[in-house]
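Working notes, beginning with the structure itself.
Hydrogens, waters and symmetry mates play no part in the numbers below; they use all other heavy atoms, side chains included.
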Amino acid sequence: MGCQNAKSSQKEDCEDEKELGDFLTVEEIEVIRHTWAIVKQDIPGTGMFMFTRGFWHDDL
């Protein structure tokens, strides 16, 4: 994912980086792509809400 933008001296660190498809189904990726138009309208508000509701858990 992020390796394409890495400097050549950092590329060896990216060899173990996983692809999005290693974690999400094709359907889940499509849902994220379709909802991005809404999220990007208000990154600080909607983006933070989506991140905290989807990924931030006090029990972790």
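- Shortest non-hydrogen contact noted between Lys18 and Phe23 is CB-CE1, 3.2 Å.
- Residue pairs meeting the ring-ring contact (aromatic ring centres under 6.0 Å, His included) criterion with at least one partner in residues 32-52, sequence neighbours excluded, are Phe51-Phe55.
- Here the CD1 atom belonging to Ile32 is positioned 12.0 Å from the CD atom belonging to Glu27, to the nearest 0.5 angstrom.
- Using a 4.5 Å cut-off between side-chain heavy atoms of Ile, Leu, Val, Met, Phe, Trp and Tyr, Val26 forms no hydrophobic cluster with any other residue.
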Please table the atom pairs, donor to acceptor, closer than 3.5 Å between any side-chain atom in residues 38-46 and protein atoms at least two apart or in another chain.
{"unit_1": "Gln41", "atom_1": "NE2", "unit_2": "Ala37", "atom_2": "O", "d": "3.4"}
{"unit_1": "Asp42", "atom_1": "OD1", "unit_2": "Gly45", "atom_2": "N", "d": "3.2"}

